[in-house]
> 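Got a structure for you, written out below as structure tokens; questions coming shortly.
Per chain, numbering begins at 1; letters A, B, ... match sequence-line order.
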Amino acid sequence: MLPGDFGQAILGQAALPETVAAFRQELGLDKPAYIRYFDWALGAIQGDLGTSFSGRNASGADRSAEVVDKIAPRLWNTLFLASMAALIAVPLSLILGILTALYRNSFFDRSVNTATLTTISFPEFFVAYILILFFASLNQIFPSLANVDPDTNFGERIYRTALPAFTLTLVIVAHMMRMTRAAIINLLASPYIQMAKLSGASQTEIILKHALPNAWAPIATVIAFNLAYLVVGVVVVEVVFVYPGVGQLMVDAVRTRDIPVVQGCALIFAVTYILLNLIADIIGIVTNPRLLHPK
Amino acid sequence: MKDKFIKAQQEKLTLGAIDRRQFMTTAIAAGIAIPTALSLASDAIAATPKKGGKFRMGLGHGSTTDTLDSGTSENHFTLVNGYTFGNHLTEINNEGKLVGELAETFESDDGKTWVFNLRKGVEFHNGKTMTSEDVLASYEHHMGEKSTSAAKGSLSPVKSIKADGKYKVIMELDSPDTDFPYIVSDYHISIRPAGDMTSGVGTGGYIVQSFEPGVKSVLKRNPNYWKEGAAHFDEVELLSIVDPNARQTALISGEIDAMDRVDLKTINLMKRNPNINIMQATGTAHYTFPMRLNVDPFGDYDLRMALKWAVDRQELVDKILLGYGAVGNDIPIGTANYFHNSDLPQREFDADKAAFHYKKSGHSGKIQLSAADAAFAGAVDAAQLMANSAKKAGIDIEVIREPNDGYWSNVWNNDAKGWCACYWGGRPAETMMFSAAYVAESKWNDTMWKTTDSAVKFNQLVKDARKELDESKKRDILYECQRLIYDDGGLLCPLFNSYVSANSKKIAHGKIAANWDSDGAKCVERWWFA
């Protein structure tokens, strides 16, 4: 359980027992936990995520915002950054994965593996700082602050989010690329590939036409996993680049015990995760029609 | 070598650490001809501010819960933003002196009835002329039964407030307080047009264009600003950049022009950058370790004294503040305060005296000290260092590391913990600081120093000081108040921390105020591009 509550967190050093009590009553925190949970769940089913605690005061005036209004603009930012990172990372890792499978155990294979494993081994903030050092500090190519707002136009937005997107790319490429490579190499040992080889198909043809279609299921799962990570787990990158995303909002909300916002974020994260995994499963089934027919 | 020395002296002159005369003396002593020295001095003071430019500042605070209502302003971002678009009845200028702002003058015969004569012809950003009606509405916003303002407490002595014509406001206090005009300079009590307390319309030098909580505030110069020689930038962007590294990188790469709260661990790297100036101002903010007199064993005078002597303050300044601060002398009043009692001898680490008092107290066994970094950055380390130095005097301090969450509710000012780490931002007036945490009726009296003979005397003296209109008499009373805390109080105050900030060398400014970080939080209206 988290110690403290919204009243104590927001008042800090100025917290007096009576002010905290007034806050609790105002926010309904004096009700038992299960009642509060069912109230919230009932609202959430109807699409009402409730009202944020912040902006309220012990004595009445209410300047608080709907949870949806707090989350929506930031969720849009997060999705923008996630799509941008995904647009770079997914094709890159697929291509690298296929190429390394094609030229496995060559110098090219080993150097790509070493490079991607190196970037995934460092914590994200370190990768971010290194990129900032080279691309923002020493050579001022990209801005180190990704402070976008709703008025930022599309081109400017892409330019501003370049470094965070590269950071995320470097962090997730290894996982997807290695999975692609492994799935393909695994299939290359199967008898039907041997058959294709014996019938005279070229290496490229074998991989693209015969191996890859059967490898989509595990690759899709890993891609879904990484896309989910891009949406729910990039708080550190947001903080380093001062990007107004939903992760920062959730951290702020946890810090101030603004529980409706925490619940709203958690719900959205869970939905994202489940949806992406569902899509991965569907891709797995569609690319492998055998799974559609029970044995 | 000489150039470097003169340059350092020039910087000191700019920051106001030395005056023009001192600069001239050192420059001439260093072998500089008088005319050259004179021009160097003028360069440093850079007398004529220039207009124009877009000022971007990165601030280490800001949260998604921020608003434009000054009543709920609670961090340095809302503070700087508030001072940028709003004015107050009085202000503390960069010399640390209280002067009128929207009140041209203010006076009182008895300290009880205060008359504020408002400035004429001041316009709000929406075109409305500021009159006593707006001042009344602004004050009612902070005072009513239903008020949500954080200034409610400091305005509670105000019994009545009324207008006398369009440009005069009279406030009646329930007991005399000669420092009351300091209270109205509080950043919470911004003057807004009647009927609109929350949308960010003020009388300040800049007009809010857009405000995104926890992200940024964009402002543009108010062409009708009444204050002369202020608000020089055309446009302003205040950015909330909480991560210190991101803030520093943004300054180095030129994406912002100034930042607050430099990370002391990397300050030497920042200093090497030729385009950046580091500034420090030691103000009223201090780190304390309050001992609660109602919890054993801190009720014992000798034990308190033993602990006060057992702290190596200089070591704490060197290791916790990395030199950016000053030693404290167990009084909550710093050198930046006008009536700071400088006659009290500076307490230093003295193992013999500590051991002597400790023996006299008859205490044995461990003394528990609670600390968490929620109190101030480095609080746990500071507590360990104190335990270490106390060991040399034969005193056994056990440091208890508390969770950051709920620290202010469960550890600080709580009878379950007799001794803990704490932070105070300080107050511009001495009686305000005493009222906040040292008079008997304060709810934040974290030392519970209420019943000893000295404490009783102290409480009476604070009341006397509030009544006193004569400066030298007031000085005597306040000096005595400080002596009582110094000697008998439960306050162990080893450190006054400096505000350390950095800005691009393109920025020019006058003397830096020390009452808040960022030039008294008024850097936006005070600074300019050189």
Side-chain angles (χ1 to χ4, degrees), chain A residues 2-5 7-18 20 52-65 70 73-74 125 128-129 132-133 135-138 140 142-151 236 238-242 244 248-249 252-253 255-258 261, chain B residues 56 58 62-69 71-72 74-75 141 144-150 152-153 197-198 210 212-216 218 237 239-243 245-256 374-375 403-410 412-413 422-425 443-444 446:
Chain A
L2 280 170
D5 64 14
Q8 288 183 349
I10 210 84
L11 292 166
Q13 197 172 2
L16 292 174
E18 48 269 38
V20 172
S52 160
F53 286 171
S54 71
R56 289 203 211 182
N57 269 291
S59 43
D62 192 345
R63 278 177 290 275
S64 54
K70 290 203 104 167
R74 285 178 170 256
F125 67 86
Y129 286 151
I132 288 181
L133 178 67
F135 296 107
S137 209
L138 295 179
Q140 295 176 5
F142 291 112
S144 69
L145 294 182
N147 53 337
V148 297
D149 58 42
D151 302 331
V236 175
E238 283 176 14
V239 170
V240 170
F241 290 103
V242 202
Q248 185 58 48
L249 180 70
D252 270 0
R255 194 172 45 79
T256 57
R257 310 285 184 270
D258 191 351
V261 175
Chain B
R56 300 149 307 163
S63 142
T64 44
T65 55
D66 292 344
T67 65
L68 289 172
D69 175 4
T72 52
E74 47 122 16
N75 61 45
H141 177 60
E145 183 79 347
K146 279 198 166 153
S147 170
T148 58
S149 168
K152 201 168 158 180
M197 293 299 141
T198 51
S210 74
E212 260 182 275
V215 182
K216 67 176 167 185
V218 182
E237 203 170 278
L239 299 166
S240 165
I241 309 179
V242 179
D243 182 52
N245 198 307
R247 215 156 56 236
Q248 281 168 212
T249 313
L251 181 65
I252 291 168
S253 61
E255 285 190 61
I256 54 174
N404 281 334
D405 283 314
Y407 182 81
W408 297 113
S409 296
N410 306 329
W412 176 73
N413 204 12
C422 174
Y423 168 81
W424 283 97
K443 284 175 172 160
W444 290 285
D446 55 8

> Where on B/P403 is there a heavy atom nearer than 4.5 Å to chain A: the side chain, the backbone, both, or neither?
neither
> By a 4.5 Å heavy-atom criterion (distance strictly below it), what part of A/Y129 contacts chain B: side chain, backbone, both, or neither?
side chain
> Quick one: does A/R74's side chain get under 4.5 Å of B/V215's, heavy atoms only?
yes
> Given heavy-atom pairs under 4.5 angstrom as the criterion, report whether the side chain, backbone, both or neither of B/Q248 touches chain A.
neither
> So, for B/S253 and A/S144, which heavy atoms are closest and what is the spacing to 0.1 Å?
OG-OG, 3.8 Å
> Check the pair B/R56 / A/L145 against side chain to side chain contact (heavy atoms under 4.5 Å, CB included), numbers first and verdict last.
CA-CA 12 Å; B/R56 300 149 307 163; A/L145 294 182; over 6 Å; no
> At a 4.5 Å cut-off on heavy atoms, which part of B/N410 comes close to chain A: side chain, backbone, both, or neither?
side chain
> Heavy-atom distance under 4.5 Å to chain A: side chain of B/S240, backbone, both or neither?
backbone
> Looking only at heavy atoms, what is the nearest atom pair of B/E237 and A/N147, with distance?
OE2-ND2, 4.3 Å
> To the nearest 0.5 angstrom, please state how far the CG atom of B/D243 sits from the CD atom of A/E238.
12.5 Å
> Evaluate A/V242 against B/L239 for side chain to side chain contact (heavy atoms under 4.5 Å, CB included), listing each step before the verdict.
CA-CA 9 Å; A/V242 202; B/L239 299 166; over 6 Å; no
